[in-house]
**Student:** 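The structure is given below, and queries will be raised subsequently.
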Number of protein chains: 2
Amino acid sequence: MFPTKEDIHGIKRRAVLQEAAASFNLKGFHGTSMNEIAASLGVTKAALYHYFPNKNALLAGCFDYAMEAAFASLERGRKQGRNGRERLILTIAGYVTELLDELNCCVVLMEEHALEPEDKAKLVQQRDKFERALRALVREGIADGSVAPCDPKLAIFVILGAMNWVPKWFKPSGPWKPEQLTRALSDIFDRAISSSPAAAMVRDVGELPLRPSSERQRSDDASRAPAIRQSIKAVRRDAEAERPARLRAVGKGRVRLR
Amino acid sequence: MFPTKEDIHGIKRRAVLQEAAASFNLKGFHGTSMNEIAASLGVTKAALYHYFPNKNALLAGCFDYAMEAAFASLERGRKQGRNGRERLILTIAGYVTELLDELNCCVVLMEEHALEPEDKAKLVQQRDKFERALRALVREGIADGSVAPCDPKLAIFVILGAMNWVPKWFKPSGPWKPEQLTRALSDIFDRAISSSPAAAMVRDVGELPLRPSSERQRSDDASRAPAIRQSIKAVRRDAEAERPARLRAVGKGRVRLR
DNA sequence: ATGTTAACTAACCGTACGGTTAGCAAACCG
DNA sequence: CGGTTTGCTAACCGTACGGTTAGTTAACAT
């Protein structure tokens, strides 16, 4: 069946959100004007108000999407991981995947000050809940021996910081594919907190094989690949499957609204 | 000798910069108005224009200060470190120290888009130079065996990301002291990239002893403390010594301009 | 005393932004 | 076909912001 009117509306709405998110990441909330967002979509400013009541709602929408992705990833991580460390790493990997793939270039959870008090309260509450869950995973990992003893609060701050920094330098058009980045990030996080002695890391992110292809395995890759790498792939697959197909159509290319 | 007029001017100028930096970190460049900065200093907006020609110069000043600190830290790290990994970690530790101690609550090197083209070009050039130097340290470390094989670009992105995230959650009034934070951060970064098998990390940042005090050593602390911890203290000391004493007077407390 | 300069304020200016309004054109629906 | 809704534009409004100006106060120098 062809997309209904509501489908079209939803797709365009998502496109607006995507464009706004990219711009907020690049120039900040206050540094982005409604005119600019509209122009990037080939439309005038007033058109945006058909999809969102005001600028703040745009920001709130970004946060909503990010938090949805966060909790979905958390659930997948909890299911697939076999110990605290795996659950944590898989959650992070899923989250990065989702934001990178879908929202084009993730949403940084800064600029919450710009939200209306109610929206802000909601966001802060959700974000804190997510962070608490992550810290709990670290503690689980310490308890079950998969994570080296450390300060869970600091460990999560470090991981989230590295993650939230990604949109500042990652360019989808660059040499690294999201898939490679997810893997390499997971590796380094894993190494930072793992209790097992000094796992190997990815040596060259751009050289990571993109698919479970039959090409020759690189010596620094799957040779001593931990089982978690299969889980990361599974998490990525699941995340993709959970997205309605029609939303995937928005994909990477710029969407013209008119 | 009592502070001369120029001293006073310099101190106030620094106070303005500090207030601006704190506000830029909290609410972003565009989210901060000159009126707000002035009000926080107990002064009217026009007064600020005695110290800086315009708002952009304020931002450029923050960046200048940060980059100065960056290169000073790099030099100290290079001198004090005995291998690539130590030089890297000491550089990072010095940088964090400097920004946390002096600029009250570091400057995030975002929002470079808001700069005038010339200022931006200068900043980008310097920042890239710094990042290249850090990556070079990673490569040195891999070569001399102190750093585990990894992608230097990614490793530095991760470390810088975690570092730049600090101002988003660190409150000088909170339970963690800058000194403790520096140590704990260094620990976790060290662990992420070190070639030696799984060093121990700080378990509770807030419990770290603040001075080389004579109080009982905690079991998770100095017992197997690597020599680098002494170097971190040395780097912190040097950084402090290099700052002119009169600037230290600005310190933490809010400075009223009038 | 007197002139000079630095530090600051109150009031103002131009503009760019978020948001609104009125209206047009095409699509949809009976 | 006619009536209604949807998606958009052009033009406009109020305001808050960056920056300027003119003038006041006080410190300092001679």
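Keep in mind it's a predicted model, so treat the numbers as computed, not measured. Naming convention: chains lettered A, B, ... in sequence-line order (proteins, then strands); numbering from 1 in each chain. Side chains included, hydrogens not; waters and symmetry mates left out as well; all remaining heavy atoms used.
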**Student:** Of all the choices, C/dC8, D/dT9, C/dG19, which nucleotide is nearest to the side chain of A/Lys55 once you look at every atom?
**Tutor:** C/dG19
**Student:** Between C/dA7, D/dA10, C/dC17, spot the one nearest the side chain of A/Ala46, thanks.
**Tutor:** D/dA10
**Student:** How many Å lie between CZ on A/Phe52 and P on C/dG19, as a whole number?
**Tutor:** 13 Å
**Student:** How many whole angstroms separate atom CG of B/Leu41 from atom P of C/dT9?
**Tutor:** 11 Å
**Student:** Check the orientation of A/His113 and A/His30. Use parallel for under 30°, tilted for 30 to 60°, and perpendicular for over 60°.
**Tutor:** parallel
**Student:** Rounding to a whole Å, what distance do you find between B/Asn54:CG and D/dG19:P?
**Tutor:** 5 Å
**Student:** Salt-bridge test for B/Glu131 and B/Lys153: reply yes if a basic N is under 4.0 Å from a carboxylate O, no otherwise.
**Tutor:**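 Between B/Lys153 and B/Glu131 there is no salt bridge, as every charged N stays at least 4.0 Å from the carboxylate O atoms.
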**Student:** On DNA chain C, check which nucleotide each of A/His30 and B/Thr44 is closest to and give me the residue with the more 5' one.
**Tutor:** B/Thr44
**Student:** What is the separation between atom CD1 on B/Ile11 and atom C1' on C/dA7, rounded to the nearest whole Å?
**Tutor:**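 The answer, rounded to whole Å, is 16 Å.
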**Student:** Between A/His50 and A/Lys45, which residue's closest nucleotide on DNA chain C lies nearer the 5′ terminus?
**Tutor:** A/Lys45
**Student:** CG of B/Leu58 versus C1' of D/dC17: gap in Å, rounded?
**Tutor:** 15 Å
**Student:** OP1 or OP2 of C/dA7 versus the side-chain N and O atoms of B/Tyr49: is any pair under 4.0 Å?
**Tutor:**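 So the side-chain polar atoms of B/Tyr49 never come under 4.0 Å of the phosphate oxygens OP1 or OP2 of C/dA7.
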**Student:** Nearest-Å distance, CG (A/Leu48) to P (C/dC17)?
**Tutor:**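 Rounding to the nearest Å, CG of A/Leu48 and P of C/dC17 are 14 Å apart.
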**Student:** Counting only side-chain heavy atoms from C-beta out, which of D/dG7, D/dA10, D/dC17 sits nearest to A/Lys12?
**Tutor:** D/dG7
**Student:** Quick check on C/dA6: is either OP1 or OP2 less than 4.0 Å from any side-chain nitrogen or oxygen of B/His9?
**Tutor:**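 So the side chain of B/His9 is outside the cut-off, no N or O lying under 4.0 Å from OP1 or OP2 of C/dA6.
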**Student:** Tell me: CD1 of B/Ile8 to C1' of D/dA26, nearest whole Å?
**Tutor:** 14 Å
**Student:** Would the distance check show the side chain of A/Asn164 and the main-chain N or O of A/Leu160 forming a donor-acceptor pair, the cut-off being under 3.5 Å?
**Tutor:** yes
**Student:** Using atom CG of A/Asn35 as one end and atom C1' of D/dA11 as the other, report the distance to the nearest whole Å.
**Tutor:** 13 Å
**Student:** Name the closest nucleotide to the A/Met34 side chain, picking from C/dG18, D/dT9, C/dA7.
**Tutor:** C/dG18
**Student:** Using a strict threshold of under 4.0 Å (side-chain N to carboxylate O), is an ion pair present between B/Lys27 and B/Glu36?
**Tutor:**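 A salt bridge is present here (some side-chain N lies under 4.0 Å from a carboxylate O).
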**Student:** How far apart are the C-alpha atoms of A/Phe71 and A/Met67, what are their side-chain angles, what is the distance that settles it, and do they pass the side chain to side chain contact (heavy atoms under 4.5 Å, CB included) test?
**Tutor:** CA-CA 6 Å; A/Phe71 286 107; A/Met67 292 317 298; 3.7 Å; yes
